[in-house]
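By convention in this document, chain letters (A, B, ...) are assigned in the order of the sequence lines, proteins followed by strands, and residues within each chain are numbered from 1. This is a predicted model, so every value here is computed, not measured.
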There are 2 protein chains.
Amino acid sequence: MADLNKLLTPIYLNEKEIRKIIELMFFSYRDFTSGPDKILEKIKFGRAHHRVIYFVGKRNNLTIKELLSILKITKQSLSRVLNQLVKEKYIVLSIGEDKRTKKLSLSRRGLELEKKLSEIQINKIFNVIKNFNENEINGFKKVLFEMIDHKNQNKFNEIN
Amino acid sequence: MADLNKLLTPIYLNEKEIRKIIELMFFSYRDFTSGPDKILEKIKFGRAHHRVIYFVGKRNNLTIKELLSILKITKQSLSRVLNQLVKEKYIVLSIGEDKRTKKLSLSRRGLELEKKLSEIQINKIFNVIKNFNENEINGFKKVLFEMIDHKNQNKFNEIN
DNA sequence: TAATTAAGTCAATATGGCTGACCTAAATAA
DNA sequence: TTATTTAGGTCAGCCATATTGACTTAATTA
């Protein structure tokens, strides 16, 4: 059975090859986030601040609830980060039509920081994928998408 | 110029499309690590323990220095995690030919945990990529590889 | 009017990083 | 042979990010 498996399984489905993917995920994600991390450090922010700025920048007038459902962290965790961003005027709050809700948006200052941080990642991705053909890039995106838990794939689709 | 760019830039190199990749990286990495995280939680370990177990399992008789150069964390950070793994008998230390060095290897217990944790990620990847053709999978791997900082790509090649 | 929802807050806890300072023992270079 | 470098260890303190649990307020909805 094990031998039959070896005969019938294409090489790219071997455990050894799959383990390479595990490592590629680790190394690439680490280096993918390291650029923004360095800038954030200077202004005493962390990766969590970047995420908030990123998604607020993407969807202006996001409510806290929506943001929590994207980030999937507790409101207590978000609270610390968000309060800092509001206090330091990167993010502006306003009250929604439903007066229980609050809408988040980037200030000019916040938008500047968002640009600065995302630019690094955008450039990195651009410089990588420009050397690949459309099929390869689509393969990359489709595989990554399928690596997202089924229940969370909707979230990606919702915001895009 | 901006208009010319729009005319000449393929759609998959647009900022909007690249931002999707940023999000795919975030969501996929989060869900990729969530499986092992749940198991680790039960035995009061974290993701850092998984990494150590993973790379020691991959390369038996790894030295501390080599492990540090893969993980790129400080020895003080590694120390806490590693001491726990040794104390709880997941990892065994022995002295190298160069008597200043120590070699790390997994105990039977450690190997069992490694299997249990990696199995989740291996199965997840297997179940995703089995539905893709070889070109798409290669595209995926090649793009991920190129997302690794140049200076760190060697590290991936060394261990593979 | 009662129940639910959105948001906020206080407190305690855990994990995973970091810097800096300092130590030991072994290997290597001058 | 002595001096330097290297591998590893340790103590202390700090910071960021996350968690759980308990409780509050105000607005909406049943």
Side-chain angles (χ1 to χ4, degrees), chain A residues 26 29-31 33-34 36-56 61-88 91-104 117, chain B residues 26 29-31 33-34 36-56 61-88 91-104 117:
Chain A
F26 168 60
Y29 192 77
R30 188 185 58 185
D31 289 352
T33 50
S34 67
D37 284 355
K38 278 171 209 149
I39 290 176
L40 291 158
E41 212 186 342
K42 291 180 203 157
I43 52 174
K44 306 268 188 178
F45 283 167
R47 204 175 290 176
H49 301 83
H50 186 191
R51 283 178 198 145
V52 169
I53 285 180
Y54 180 90
F55 286 111
V56 172
N61 291 323
L62 204 64
T63 64
I64 306 248
K65 193 197 174 191
E66 287 164 341
L67 183 54
L68 285 173
S69 86
I70 292 170
L71 298 175
K72 299 224 184 326
I73 55 174
T74 58
K75 63 179 172 179
Q76 295 93 323
S77 291
L78 177 58
S79 146
R80 180 186 42 86
V81 170
L82 186 56
N83 286 337
Q84 288 173 317
L85 288 167
V86 171
K87 191 174 290 168
E88 301 188 27
I91 284 186
V92 177
L93 297 178
S94 62
I95 292 178
E97 299 94 73
D98 178 339
K99 286 173 188 165
R100 290 172 306 178
T101 67
K102 287 184 180 169
K103 291 175 168 182
L104 308 175
L117 295 172
Chain B
F26 169 59
Y29 192 77
R30 186 184 60 188
D31 289 352
T33 49
S34 67
D37 284 354
K38 278 171 207 146
I39 289 175
L40 291 158
E41 213 187 341
K42 290 179 202 156
I43 52 174
K44 304 268 187 178
F45 282 166
R47 204 175 291 175
H49 300 83
H50 185 192
R51 284 179 197 146
V52 170
I53 286 179
Y54 180 89
F55 286 110
V56 173
N61 292 321
L62 204 63
T63 65
I64 306 250
K65 194 198 174 190
E66 287 165 341
L67 183 54
L68 286 173
S69 86
I70 292 170
L71 298 175
K72 298 224 186 322
I73 55 174
T74 59
K75 63 178 172 179
Q76 295 92 324
S77 293
L78 176 59
S79 147
R80 183 179 36 82
V81 169
L82 186 55
N83 286 338
Q84 288 174 316
L85 288 167
V86 171
K87 191 175 287 167
E88 300 187 27
I91 282 185
V92 177
L93 297 179
S94 63
I95 292 180
E97 300 93 71
D98 179 337
K99 286 173 186 164
R100 290 172 304 177
T101 67
K102 285 184 183 170
K103 291 175 168 181
L104 309 174
L117 295 172

Per the side chain to side chain donor-acceptor pair (under 3.5 Å) rule, what does the pair list look like for residues 36-46 of chain B, sequence neighbours excluded?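 Output for this query lists D37(B)-R47(B).
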
Measure the distance from [atom1] on [X] to [atom2] on [N] and round it to the nearest whole Å.
X	N	atom1	atom2	result
R80(A)	dA16(D)	CZ	P	7 Å
D37(B)	dA18(D)	CG	P	12 Å
L78(A)	dA16(D)	CG	P	16 Å

Sequence neighbours excluded, which residues qualify as side chain to side chain contact (heavy atoms under 4.5 Å, CB included) partners of [X]?
X	result
N83(B)	S79(B)
S77(B)	I73(B), T74(B)
I95(A)	K99(A)

Using the salt bridge (Lys or Arg N to Asp or Glu O under 4.0 Å) criterion, which residues pair with K102(B)? Sequence neighbours excluded.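 Not a single residue meets the salt bridge (Lys or Arg N to Asp or Glu O under 4.0 Å) criterion with K102(B).
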
Taking salt bridge (Lys or Arg N to Asp or Glu O under 4.0 Å) as the test, write out the residues that go with R80(B), two or more places apart.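 Per chain and number, R80(B) pairs via salt bridge (Lys or Arg N to Asp or Glu O under 4.0 Å) with no residue.
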
side-chain hydrogen bond (donor to acceptor under 3.5 Å, both in side chains) against T63(A), all qualifying residues, sequence neighbours excluded: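 Only E66(A) meet the side-chain hydrogen bond (donor to acceptor under 3.5 Å, both in side chains) criterion with T63(A).
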
side-chain hydrogen bond (donor to acceptor under 3.5 Å, both in side chains) involving N61(A) - partner list, sequence neighbours excluded: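 Counting only residues at least two positions away or on another chain, N61(A) forms no side-chain hydrogen bond (donor to acceptor under 3.5 Å, both in side chains).
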
Give every pair of a protein N or O atom and an N or O atom of nucleotides 7-14 of chain D that lie under 3.5 Å apart, one pair per line with the distance.
| residue | atom | partner | partner atom | Å |
| --- | --- | --- | --- | --- |
| dA7(D) | OP1 | K65(B) | NZ | 2.8 |
| dA7(D) | OP2 | K65(B) | NZ | 3.4 |
| dG8(D) | OP1 | I64(B) | N | 3.4 |
| dG8(D) | OP1 | K102(B) | N | 3.2 |
| dG8(D) | OP2 | K65(B) | N | 2.6 |
| dG8(D) | N7 | K75(B) | NZ | 3.2 |
| dG8(D) | O6 | K75(B) | NZ | 3.4 |
| dG9(D) | OP1 | K102(B) | NZ | 2.7 |
| dG9(D) | N7 | K75(B) | NZ | 2.9 |
| dG9(D) | O6 | K75(B) | NZ | 2.4 |

Sequence neighbours excluded, which residues qualify as ring pair (Phe, Tyr, Trp, His ring centres under 6.0 Å) partners of F26(B)?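 Scan of F26(B) (ring pair (Phe, Tyr, Trp, His ring centres under 6.0 Å), adjacent residues dropped) gives F55(A).
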
Students often mix this up, so state it plainly: with edges at 30° and 60°, are the rings of F45(B) and H49(B) parallel, tilted or perpendicular?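 F45(B) vs H49(B) ring planes: parallel.
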
Whether S77(A) contacts dT17(D) is assessed here as follows: a side-chain N or O lying under 4.0 Å from the phosphate OP1 or OP2. Is that the case?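 No, because none of the side-chain N or O atoms of S77(A) sits under 4.0 Å from OP1 or OP2 of dT17(D).
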
Name the first nucleotide and the last nucleotide along DNA chain C (5' to 3') that come under 4.0 Å of a heavy atom in chain B.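 The footprint of chain B covers dT15(C) to dA27(C).
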
Please report the shortest heavy-atom distance between L71(A) and R51(A), naming the atom on each side.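 Reported closest heavy-atom pair: CD2-CB, 3.8 Å.
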
Mind checking Q84(B) for me? I need base, sugar-phosphate or nothing, with any heavy atom below 4.0 Å counting as a touch.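 No contact at all - Q84(B) keeps every heavy atom at 4.0 Å or more from the nucleic acid.
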
Close approaches to DNA chain C from residues 38-50 of chain B, in residue order (heavy atom, under 4.0 Å):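 Residues of residues 38-50 of chain B under 4.0 Å from DNA chain C: K44(B), G46(B), R47(B), A48(B), H49(B).
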
